Amino acid sequence: MVETVIRKRIEILVDTPLIPHIIDLLKKVDMSGWSVIHVDSGGGRDGEWSDDDFTGASAKSIILVIASEEKTNNLVDLIAPILDSHRLLLTVANVAVVRGHKF
Amino acid sequence: MVETVIRKRIEILVDTPLIPHIIDLLKKVDMSGWSVIHVDSGGGRDGEWSDDDFTGASAKSIILVIASEEKTNNLVDLIAPILDSHRLLLTVANVAVVRGHKF
Amino acid sequence: MVETVIRKRIEILVDTPLIPHIIDLLKKVDMSGWSVIHVDSGGGRDGEWSDDDFTGASAKSIILVIASEEKTNNLVDLIAPILDSHRLLLTVANVAVVRGHKF
Amino acid sequence: MIIDTLTSPVILFFLLGFFAAFAKSDLSIPEAFGKAMSIYLMVAIGLKGGVEVMNAGFSIDLLNAALAGLSLSFLLPVPAFFALIYFGKLKPVDAGAVAAHYGSVSVVTFVTAKELLTNQGLEPAGYMVAVLAIMETPAIISGLLLIRFGNKGKSTEKSNNNIKKLLHEVFTNASVILLIGAFIIGMVAGKSGFEPIKPLFEVGFKGVLCLFLLDMGLVAGRRLVQSNKLSLRLVMIGICLPIFNGTFGAIIGLGIGLDAGSAIALSILGASASYIAVPAAMRLAAPEADPGIYLTMSLGVTFPFNIIIGISLYTYIVQILG
Amino acid sequence: MIIDTLTSPVILFFLLGFFAAFAKSDLSIPEAFGKAMSIYLMVAIGLKGGVEVMNAGFSIDLLNAALAGLSLSFLLPVPAFFALIYFGKLKPVDAGAVAAHYGSVSVVTFVTAKELLTNQGLEPAGYMVAVLAIMETPAIISGLLLIRFGNKGKSTEKSNNNIKKLLHEVFTNASVILLIGAFIIGMVAGKSGFEPIKPLFEVGFKGVLCLFLLDMGLVAGRRLVQSNKLSLRLVMIGICLPIFNGTFGAIIGLGIGLDAGSAIALSILGASASYIAVPAAMRLAAPEADPGIYLTMSLGVTFPFNIIIGISLYTYIVQILG
Amino acid sequence: MIIDTLTSPVILFFLLGFFAAFAKSDLSIPEAFGKAMSIYLMVAIGLKGGVEVMNAGFSIDLLNAALAGLSLSFLLPVPAFFALIYFGKLKPVDAGAVAAHYGSVSVVTFVTAKELLTNQGLEPAGYMVAVLAIMETPAIISGLLLIRFGNKGKSTEKSNNNIKKLLHEVFTNASVILLIGAFIIGMVAGKSGFEPIKPLFEVGFKGVLCLFLLDMGLVAGRRLVQSNKLSLRLVMIGICLPIFNGTFGAIIGLGIGLDAGSAIALSILGASASYIAVPAAMRLAAPEADPGIYLTMSLGVTFPFNIIIGISLYTYIVQILG
Ligand SMILES: Nc1ncnc2c1ncn2[C@@H]1O[C@H](COP(=O)(O)O)[C@@H](O)[C@H]1O
Ligand SMILES: Nc1ncnc2c1ncn2[C@@H]1O[C@H](COP(=O)(O)O)[C@@H](O)[C@H]1O
Ligand SMILES: Nc1ncnc2c1ncn2[C@@H]1O[C@H](COP(=O)(O)O)[C@@H](O)[C@H]1O
Ligand code: NA
Ligand code: NA
Ligand code: NA
């Protein structure tokens, strides 16, 4: 059987226009890989929204990052202060990956 | 280091037209935040499908909810009876979040 | 309370044109259900990309599969050798599901 | 007329899509493009209908046709329901959902028929667009009542607030809003107000219809290829029901004194089955019904039948009866 | 003119969208379709503006109008900012973000006004398209400076490399690139080079504008329905600010000697508020500002006001003053 | 002719996209809109080609050109492969994948050339559209055979069922289906059947081409900006290979007796490199090949070269040789 190791799966829910800003933070903690998933609609304290809005300003995305625990901790420390002001949602879970040295 | 707490990450795979119905259930168990992700295609016991279908009736989405364990249990109890009739897929995982009082 | 069991949540990040190939592998290990999620953009060792590229050749997707541990192990063994050559990213996590016999 | 039909680019593009689906080509029309074309087509026919009615003035025919359409949409699901249960062997919930599709209408079948009929000097009256809009959603109510009737005794919870939701759906469904809205705008704007926007909605119309039918062909073909829900009995119903409904529509149309073109249009509206408004509503209002059945029958069987054979057949029937 | 406005299909489609949103219809325009129409509209008006300027030749008016537009975009946010703080009770960061929207412009308001004015023989000069492009982004800088001024003492980190990013945004913003790029292409191609592509960009223009305004109506209506951020004071500002800015624009336009049509256009540019370029820039440059406030004011209040009443009002003001 | 080329709106829009990419503008064309335009363009040229062939009648030239195209698509990858290995220093799998792109064709290069040539009275014959379709996919087979040849001894598993998949891909590839399908529909419909749908497919054509080239410019520019895979040697091959292939195509075209316009078209088909059909097929059939190499060479180097310089160059070559 192929060996797997545990890494962190980080999900950051973010307003689409803010993505470049978060990517900059990822790079600061030396994370070099990420993927962006489109969010179609949602609801929260601010009411409901949906992406059929050509302004683009209210669109949301999820930035998905697989990373080592160490880098993840650094990222969480970096992002925590702006979670509220930037309306972010950040979750971290454990995942098994093959060949963990890449992350 | 920023402190994190454990919350539940719920994923509900659902036919897109049924989303309002599921949102109603979320509200019943007092969940106030959710995000909807588009599913492009898939396969299951009913064969394969893909979303390039302008009828919209066969489109699927994932409703993603971060919530406390208690609310999650309530939701699972509420949804379990209709899982089959409504062709839903429900998974629950643990995630760490910063400032868990929001969920 | 409804009873839940633990299953595996597999995510395979894959170039969209390669999806049929991965689906074939899923079927080889007897997995009959999967969902495909569109990835909008991302970055990795090969630089950044985004899907606003009508060629389609550089688009990426995530194949999401809920499966039993046994089938998951078989899949990991099957996919591990081509992870690098096919530029895949494979993660496995635990999730709780209701009525696990389906997976 | 069948030959004319089969060499018309509109139909040929449908066949091309159908062929691509059967050949398992990787051809696909982006969802957003398909939806955009569908919106365009509805706005265009709504506008043109409104302008024509404004030009022709209101008439008693309009009222008659509207009432006939409303009744057809409400009533056609009833025989369909029993055929689906007793001959098609469907469960009540599936039978009711399918029946609702056949009471409602297909915008593209109507539009394609209008094009083909106009080529033969049989253009339907402008107000038939309003009838089309009127027939979109009442069948949803019939279908749900039939399901409740078929399931009597079982699960009657959640019925009250559902009725409110349902009426809301019937009046604010996207297709209804677009068709009726554009129809009214066409009436308000009149011929002169329509002039500046006519180029987009008239010049491009038939070309867009071709591309949309390419998409329909793909989707209908894929439904047929991938389906494992379709018994021979259901295929037979998918062909006989439109013939029955079409004949019924023709008789009503002629009975209330419509001109030939409009009677054919009413026949076609009766014969056609919904594939947008009703599936979405059914998925929400009757989630236990299997979309694999109703979408495959409506899109995979009845739509191609109507496009390729039905339109000519109903024209023929009206001409025989008329 | 208000009557003309209200029976024009363009406006009626906006109202249809508005109505659908309030009726909570499930009608929606796919995002990709909305963006495609927006790109088309910007390219089309850019091209036509460029061709017209090439035909008319450069003039001192062009330069004057460009300078006036630049100044307006920079300066209009200032009074807006103080009104939003003292009367609107907003935090500085929100006030600055909203103010930036009102300094910038709305492409669709401009285009709709151009259509309505042309119908009355008051067509603005071709170079007003360049003024439109020039006014898109400077207000972003003003807005951010105002925020910094309002927050003085607090958080001034990250300011240096932000200024570089900001200037980049101001010059390479998608709307600016499309408008200026198409304008230059129109100038290079001239009337004869434009001829072969004219059908797409001229024949379809008004129809696309109708469909886009349907989308705008939906989005604006949903903003209003879903918003819980809008105080009565903010609604008042959302109506008074465009009147103030429009009057100011009219005075400047007449002051620098523009013809009536162009002065009305400048007035409308002053009065209109951005809903694409500025929101995206603000979300990135001032993430703490609440998009629920600036989008709802710009799209939900000011845009409908300008489309339905404002355009006629500014025309009237210029005619009174002129 | 280069001057004509550079002031044509079509090319200017390409340059605008290129510029926006280099300026790192946030301008982007929604994927669905790009795909919709691509489908429209293929259907439009297919239809027009079919109608023209039906009008002109079949000729021996058609057959000759088809055979020539087929051979070119099969054979051009061979010299390309060796150049890529020995001069470009690529691994066999990458060399084969790139070679397949250069054997296949670029629809947009062909269409742009057709527009520019028609302006000079050098319009290619209608049947060249069929040649275009024929050349789309055979090169995929050559490329994969070359990879197998280059890797001989290594990994030959999974070859059998792959051949079936490959032939399926060659015949049912989306571009092939659209081009051939629309071509046949054009032939069946003929001039009179084409008339009603002509407005969409002819009136809008050049405008859509402009917007699509704007998109191509963006994508090509971004490829160049983001790429770190491109050695100077590969850039040189990306420029010399189309010149070589174009000259070869010109010689063959003149050799089999085509008229000047058609010979130029064959030359351009030879010179152009695929960016839709082949990349998608290669990603699946040779997943180990690096898309960063083949897409960047085809889209980032050869496409702009052909559009800006190549078309004029091949015209010149044919006129010299002819
Ligand atoms: N650590 C990561 N987490 C999430 N996505 C990743 C990660 N690394 C790579 N990716 C995705 O995989 C793509 C290819 O990565 P690479 O092969 O490293 O260039 C990237 O563009 C991302 O979309
Ligand atoms: N608990 C949650 N789970 C998933 N998504 C959420 C949750 N809370 C908020 N969101 C998403 O974040 C957006 C903004 O939330 P809020 O800041 O609470 O208005 C919502 O519209 C949702 O898309
Ligand atoms: N095990 C699974 N993992 C992920 N997605 C699934 C799974 N099973 C089913 N699905 C999704 O649910 C849809 C319906 O499944 P089914 O009801 O089995 O036909 C499929 O088309 C997939 O998109
Ligand atoms: Na019907
Ligand atoms: Na303004
Ligand atoms: Na070639």
Side-chain angles (χ1 to χ4, degrees), chain D residues 3-41 44 111-112 114-116 118-119 198-215 217-218 221-222 225, chain F residues 30-44 46-47 50-51 54 137 164-165 167-205 207-208 276-277 280-281 283-284:
Chain D
I3 294 298
D4 285 358
T5 304
L6 289 180
T7 59
S8 141
V10 172
I11 306 298
L12 291 171
F13 273 102
F14 178 77
L15 294 176
L16 178 60
F18 224 61
F19 168 78
F22 277 93
K24 295 189 192 272
S25 164
D26 58 347
L27 177 61
S28 80
I29 312 285
E31 191 192 1
F33 184 33
K35 287 196 176 151
M37 290 193 287
S38 158
I39 290 169
Y40 167 88
L41 292 174
V111 168
T112 310
K114 195 163 174 253
E115 293 305 325
L116 295 172
T118 305
N119 288 348
K198 192 169 163 175
L200 182 74
F201 293 111
E202 210 154 285
V203 168
F205 191 75
K206 283 179 207 168
V208 173
L209 188 59
C210 285
L211 292 178
F212 193 69
L213 273 161
L214 174 66
D215 195 1
L218 271 171
R222 289 215 175 108
V225 169
Chain F
E31 191 192 0
F33 184 33
K35 286 197 176 150
M37 290 193 288
S38 158
I39 289 170
Y40 167 88
L41 292 173
M42 285 195 271
V43 168
L47 279 173
V51 172
M54 207 52 194
T137 44
K164 230 182 87 195
K165 273 194 198 162
L167 286 176
H168 181 257
E169 173 71 21
V170 166
F171 287 111
T172 68
N173 181 285
S175 313
V176 174
I177 292 268
L178 280 180
L179 285 169
I180 301 274
F183 190 87
I184 292 176
I185 293 177
M187 293 209 304
V188 174
K191 210 168 178 173
S192 67
F194 183 52
E195 209 57 49
I197 58 174
K198 193 170 163 175
L200 182 74
F201 293 112
E202 211 153 286
V203 168
F205 191 75
V208 173
I276 295 189
R283 204 67 202 89
L284 191 57

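In what follows, every heavy atom counts, from backbone to side chain, and hydrogens, waters and symmetry copies are set aside. Protein chains get the first letters and strands the later ones, always in sequence-line order, with residue 1 at the start of each. This is a predicted model, so every value here is computed, not measured.
Heavy-atom distances place both the backbone and the side chain of Leu12(D) under 4.5 Å from chain F. Of the two parts of Phe13(D), the backbone and the side chain both hold a non-hydrogen atom closer than 4.5 Å to a non-hydrogen atom of chain F. For a residue to count as touching a neighbouring chain, one of its non-hydrogen atoms must lie under 4.5 Å from one of that chain's; by this rule Val208(D) touches chain F with backbone and side chain alike. For a residue to count as touching a neighbouring chain, one of its non-hydrogen atoms must lie under 4.5 Å from one of that chain's; by this rule Leu209(D) does not touch chain F. Using a 4.5 Å cut-off between heavy atoms, Ile39(F) contacts chain D through its side chain alone, with no backbone atom that close.
Taking all atoms of both residues into account, the shortest heavy-atom contact from Ala182(F) to Leu16(D) is N-CD2, 4.2 Å. Minimum interatomic distance between Ser25(D) and Ile177(F) (heavy atoms only, all atoms of both residues): OG-CG1, 3.7 Å. Pairing each heavy atom of Ala36(F) with each of Pro30(D), the nearest pair is N-CG, 4.4 Å.
The most heavy-atom pairs under 4.5 Å with chain F, out of Gly34(D), Ala32(D), Gly204(D), come from Gly204(D).
The distance from the CD1 atom of Ile197(F) to the CG atom of Leu211(D) is 8.5 Å, given to the nearest 0.5 Å. Leu47(F) contributes atom CG, which lies 7.5 Å from atom SG of Cys210(D) (distance to the nearest 0.5 angstrom). Once rounded to the nearest 0.5 Å, the distance linking NZ of Lys206(D) with CD of Glu195(F) reads 10.0 Å.
The interface of residues 184-191 of chain F with chain D, defined by heavy-atom distances below 4.5 Å, comprises Ile185(F), Val188(F), Ala189(F).
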Check: residues 168-176 of chain F side-chain donor-acceptor pairs under 3.5 Å, at least two apart:
from: His168(F); atom 1: NE2; to: Ala23(D); atom 2: O; distance (Å): 2.7
from: Glu169(F); atom 1: OE2; to: Asn173(F); atom 2: ND2; distance (Å): 3.1
from: Thr172(F); atom 1: OG1; to: His168(F); atom 2: O; distance (Å): 2.7
from: Asn173(F); atom 1: OD1; to: Ser175(F); atom 2: N; distance (Å): 2.9
from: Asn173(F); atom 1: OD1; to: Ser175(F); atom 2: OG; distance (Å): 3.4

